[in-house]
*Asks:* 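Sharing a structure here in structure tokens format.
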Number of protein chains: 2
Amino acid sequence: MIQSTRDNKKRKVGGTAMVTIKDVAKRVNVSPSTVSRVIANSSRISEKTKERVRRAMDELGYHPNLNARSLSNKATQTIGVIMPITAQYSFQNPFFPEVIRGISMKAYQDNYGLYLSTGQKEEEIFEEVKQMVYGGRVDGILLLYSSINDKIMPFLQEKNFPFVLIGRPHNIDENDITFVNNDNVKKTKTLTEYLLLLGHKKIGFISGSLDYVVTIDNLEGYKTALNNANISIREEYIVLEENYQKEIMETGQDAVIELMSLEERPTALVVTDDIMTFGVLSMLGEMGIRVPEDLSIVSSNNVMISELSSPPMTTADINIYDLGYKGVEYLINKIKEPELPEKKLIVPYKLIKRQSCKKI
Amino acid sequence: MIQSTRDNKKRKVGGTAMVTIKDVAKRVNVSPSTVSRVIANSSRISEKTKERVRRAMDELGYHPNLNARSLSNKATQTIGVIMPITAQYSFQNPFFPEVIRGISMKAYQDNYGLYLSTGQKEEEIFEEVKQMVYGGRVDGILLLYSSINDKIMPFLQEKNFPFVLIGRPHNIDENDITFVNNDNVKKTKTLTEYLLLLGHKKIGFISGSLDYVVTIDNLEGYKTALNNANISIREEYIVLEENYQKEIMETGQDAVIELMSLEERPTALVVTDDIMTFGVLSMLGEMGIRVPEDLSIVSSNNVMISELSSPPMTTADINIYDLGYKGVEYLINKIKEPELPEKKLIVPYKLIKRQSCKKI
DNA sequence: TTGTATGCGTTATCAA
DNA sequence: TTGATAACGCATACAA
């Protein structure tokens with residue numbers, strides 16, 4: 001009885017008690033602190049004892065308890081990754097797997113673990129962030145999206161907790177936060193200008209919700225290009241999806257219906273996401289509208305399967321992987337040197353010309 | 001000097017010291033243990049003091065330190081999610097985002113966090129698993145893949161550490177582990193039989209590496225269907241991609257070249273992954289081979305964009321989301337009741353007929 | 001170069 | 001119903 005009670009004190013895996021720093025210490029007849037120093041590879045421990053301790057650790061199968069270490073260190077060596085509110089849907093967008101690929105890579109290289117947000121609503125996610133911060137679960141936070149009225153960034157800022165945004169801040173001075181982003185304004189401007197150059201004047205714009213900063217930027221790029229070309233902007237040519245529930249490709253499909261019902265149909269489309277473009281293409285196919293013969297399309301992101309659309313789509317490669325990789329690089333820097341000034345990085349994009357556009 | 005030293009003892013966020021259980025205790029003039037009991041909502045604390053303590057927690061802004069709790073509890077309320085070796089590539093496959101969607105959902109509902117593996121090689125991932133287990137980082141592990149010669153499962157089994165496999169075990173008695181899977185043999189058998197029914201006799205098979213159990217099962221289903229139909233199996237009709245480095249759609253493309261170079265071309269193809277099928281379709285398009293007129297194709301997974309291929313592909317919906325959701329459900333059960341017998345769940349699939357097949 | 005003592009923030013045991 | 005105390009496993013300031 002007493003026995004089993006005492007047993008519960010010790011952490012076990014598979015019935016055998018975990019070996020701690022003390023066990024190792026006893027075995028070599030040194031103090032626990034010495035063992036601790038050996039683990040930290042302190043320069044103030046003789047090579048000889050280091051050797052002895054290390055052998056004992058091997059023999060006993062010692063592995064550090066990370067919770068204990070975190071408690072003492074006030075550091076966890078893990079990064080919190082915050083997915084968008086619409087993760088349930090947008091996770092289907094290859095954008096996120098791809099950022100996470102970049103994130104994983106850099107995190108692994110620098111020996112950081114990844115802790116993922118799981119909430120589905122804005123409020124839920126905010127609670128998770130608070131838990132990560134107050135609970136000491138992570139050393140820093142990587143935000144994978146930037147939306148209007150976001151409460152997370154102000155919170156993190158006020159708490160002075162290390163974080164990096166993938167995207168552009170909104171309602172916050174750019175100099176006050178570290179972020180990694182594309183120049184989406186310029187990107188979409190270029191894309192639109194490309195269409196203009198091909199002789200198109202009636203150009204539609206299909207995108208997601210204006211709650212996302214990226215949408216705001218894309219729209220601005222589109223408008224700027226038209227303005228510069230002295231083409232007046234027609235509100236009916238701009239279709240923005242507000243419904244979070246809708247799958248992203250559905251958005252594309254519905255937008256096409258809207259645009260193609262117009263009396264004066266556009267001859268070209270700027271679509272801000274490749275998956276949306278897949279939806280656009282499929283709907284267009286159903287309607288018997290040929291791309292690029294009847295309608296030209298430029299897209300964005302250059303997700304892996306983008307080249308496989310029919311016709312293969314012209315799109316902007318935004319280097320999603322780099323966004324993630326650099327995001328954690330900057331975050332780790334911030335974690336290690338909290339006092340360093342905020343930095344920003346604009347990751348370049350590249351126009352990938354394929355076969356969804358035609359001269360008019 | 002001494003001051004700043006002392007300062008470092010206390011965990012801080014944003015310059016202000018974290019409030020601990022002790023601070024709350026002092027404020028209400030109770031002992032820390034009482035506060036702890038209030039947090040656990042122990043029935044042996046009077047409602048009155050509970051109320052007082054709770055108010056103090058609110059006023060002071062108390063949040064539990066999760067590392068301390070984990071240390072004391074020997075539990076972390078987090079699940080380790082192990083991605084495949086080929087994560088860098090396969091992460092691009094919408095399969096993984098979709099399982100993770102299911103995983104996130106259930107984890108959130110049951111208040112578990114997610115800790116992601118980041119390693120890129122078999123050995124790296126194995127090390128991560130050991131760290132998660134020995135380091136006490138997670139309470140259980142969810143394996144997202146099942147491969148031949150895998151060392152992780154035997155390890156977890158030996159350590160008697162809670163884990164659930166999404167997929168089917170190999171070299172391990174099915175009764176000895178808990179897993180969630182599709183009946184891939186039957187699935188591919190059905191798919192092949194569908195082709196057979198349409199009159200096809202020359203049926204090719206395109207898939208990934210036989211290192212993965214899922215490939216083994218798919219291949220068996222294919223062979224069984226042919227055998228039952230008394231059609232002899234031609235080795236040259238079976239194209240398996242062994243190269244991990246290759247993108248999955250590229251695999252599809254290359255396989256097409258191989259198959260279409262054959263003197264006697266197949267009239268139908270069984271492809272085991274929708275993204276691969278995208279590759280197949282694109283290459284076929286380049287070659288001027290029409291689907292389904294010249295060649296019929298069945299696929300598998302029914303990933304979100306599958307309906308957007310041209311032609312829309314006939315595929316098997318394997319309920320990826322459920323795989324993830326049920327996976328963590330079973331895992332949490334195992335964590336909570338380690339002594340319960342192992343369970344297995346076969347998630348149903350469903351044939352989604354679209355337009356990539358034709359009677360011959 | 002090493003040991004002692006203490007603290008990190010909780011939970012749990014035992015006593016009151 | 002509550003409090004004192006020890007313990008979880010590790011790291012570090014200070015002493016030796």
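Side-chain atoms are counted along with the backbone in the values below, which use heavy atoms only and exclude waters and symmetry mates.
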*Asks:* Where the side chain of A:E174 meets the backbone of A:I172, is there a donor-acceptor pair that is under 3.5 Å apart?
*Replies:*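 Between the backbone of A:I172 and the side chain of A:E174 there is no qualifying donor-acceptor contact (under 3.5 Å).
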*Asks:* Please report, rounded to the nearest Å, how far the C1' atom of C:dA15 is from the CZ atom of B:R44.
*Replies:*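 Answer to the nearest Å: 12 Å.
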*Asks:* Hey, does A:T20 reach any base, or is it just sugar-phosphate, or nothing, if we go heavy atoms under 4.0 Å?
*Replies:*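 Sugar-phosphate only.
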*Asks:* Can you say whether a donor on the side chain of A:R37 sits under 3.5 Å from an acceptor on the base of C:dG3, or the other way round?
*Replies:*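 Answer is yes: a donor-acceptor pair is held.
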*Asks:* On DNA chain D, does the nearest nucleotide to B:S31 precede the nearest nucleotide to A:V19 from the 5' side, or the other way round? Give the residue.
*Replies:*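 Counting from the 5' end, the first nearest nucleotide belongs to B:S31.
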*Asks:* Which word best sums up how the rings of A:H63 and B:Y134 line up, parallel for under 30°, tilted for 30 to 60°, or perpendicular for over 60°?
*Replies:*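 Rings of A:H63 and B:Y134: parallel, as their planes differ by under 30°.
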*Asks:* Looking only at side-chain atoms of B:R69, point me to the closest of D:dG9, C:dT11, D:dC14.
*Replies:*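 It is C:dT11.
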*Asks:* Over how many whole Å does the gap from B:K74 atom NZ to D:dC10 atom P extend?
*Replies:*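 Those two atoms, NZ and P, are 12 Å apart.
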*Asks:* With a non-hydrogen cut-off below 4.0 angstrom, is A:V35 in contact with a base, only sugar-phosphate, or nothing?
*Replies:*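 Here A:V35 touches no strand at all.
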*Asks:* Go through the steps for B:K50 and B:N41 under the test side chain to side chain donor-acceptor pair (under 3.5 Å), then give the verdict.
*Replies:* CA-CA 8 Å; B:K50 271 188 188 174; B:N41 199 16; 2.8 Å; yes
*Asks:* For the pair A:S72 (side chain) and A:A68 (backbone), establish whether a donor and an acceptor sit closer than 3.5 Å, ignoring hydrogens and angles.
*Replies:*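 A pair under 3.5 Å: no.
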*Asks:* Does NZ or CZ of B:K334 fall inside the cone over B:Y330's six-membered ring, less than 6.0 Å from its centre and within 45° of the axis?
*Replies:*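 The answer is no, since B:K334 fails at least one limit relative to B:Y330.
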*Asks:* What is the distance, to the nearest angstrom, from the CD1 atom on A:I39 to the P atom on D:dA11?
*Replies:*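 In whole Å, D:dA11 P lies 5 Å from A:I39 CD1.
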*Asks:* Test for a donor-acceptor pair under 3.5 Å between the base of D:dG9 and the side chain of A:S72, counting only N and O atoms.
*Replies:*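 By the distance-only test, no, there is no pair.
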*Asks:* Across the strands shown, which category fits A:P32 at heavy-atom distances under 4.0 angstrom: base, sugar-phosphate, nothing?
*Replies:*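 The residue A:P32 makes no contact with any strand.
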*Asks:* Does a donor on one side chain sit under 3.5 Å from an acceptor on the other, for B:E128 and B:Y115?
*Replies:*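 No, no side-chain donor-acceptor pair sits under 3.5 Å.
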*Asks:* Looking across every strand, which nucleic acid part, if any, lies under 4.0 Å from B:S70 by heavy atom: base, sugar-phosphate, or nothing?
*Replies:*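 Counting heavy atoms under 4.0 Å across all strands, no contact is made by B:S70.
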*Asks:* Give the nucleotide from the list C:dG9, C:dT1, D:dT1 with an atom nearest to the side chain of B:N65.
*Replies:*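 Out of C:dG9, C:dT1, D:dT1, the nucleotide with an atom closest to B:N65's side chain is C:dG9.
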*Asks:* Categorize B:S42 for me: base, sugar-phosphate, or nothing, with a 4.0 angstrom heavy-atom threshold over every strand shown.
*Replies:*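 No contact.
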*Asks:* Would you mind classifying the nucleic acid contact of B:N29 as base, sugar-phosphate or nothing, using non-hydrogen atoms under 4.0 angstrom?
*Replies:*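 Answer is sugar-phosphate: B:N29 comes under 4.0 Å of backbone atoms only.
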*Asks:* How long is the line joining CG of A:L66 and C1' of D:dG9, in whole Å?
*Replies:*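 The answer, rounded to whole Å, is 11 Å.
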*Asks:* Would you mind telling me which residue lines up with the more 5' stretch of DNA chain C, B:K22 or A:K50, judged by nearest nucleotide?
*Replies:*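 Counting from the 5' end, the first nearest nucleotide belongs to A:K50.
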*Asks:* Once you round it to whole Å, what is the distance between P of D:dT1 and CD of B:E47?
*Replies:*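 Rounding to the nearest Å, CD of B:E47 and P of D:dT1 are 10 Å apart.
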*Asks:* Grab the NZ-P distance between B:K26 and D:dG3 for me, whole Å please.
*Replies:*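 About 14 Å, once rounded to whole Å.
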*Asks:* What is the nucleic acid contact for B:S36, judged by heavy atoms within less than 4.0 Å: base, sugar-phosphate only, or nothing?
*Replies:*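 Base: the residue B:S36, judged by heavy atoms under 4.0 Å, touches a nucleobase.
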*Asks:* Go through the N and O atoms of the side chain of B:S33 and the base of C:dT10, and report whether any donor-acceptor pair is under 3.5 Å.
*Replies:*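 Counting by modelled atom types and ignoring angles, no donor-acceptor contact under 3.5 Å is found here.
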*Asks:* Rounding to a whole Å, what distance do you find between A:R11:CZ and C:dT11:P?
*Replies:*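 One finds 17 Å between P of C:dT11 and CZ of A:R11, rounded.
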*Asks:* Report yes if a side-chain nitrogen or oxygen of A:Y62 is closer than 4.0 Å to either non-bridging phosphate oxygen (OP1 or OP2) of D:dC10; otherwise report no.
*Replies:*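 Result: yes.
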*Asks:* Quickly work out the B:R137 CZ to D:dG9 P distance and round it to whole Å.
*Replies:*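 My rounded result for the distance is 16 Å.
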*Asks:* Which of the following nucleotides, C:dC8, D:dA11, D:dG3, is nearest to the side chain of A:I21?
*Replies:*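 Looking only at side-chain atoms, A:I21 lies closest to D:dA11.
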*Asks:* Look at all strands and tell whether B:L71 reaches a base, only sugar-phosphate, or nothing, counting heavy atoms closer than 4.0 Å.
*Replies:*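 The residue B:L71 makes base contact.
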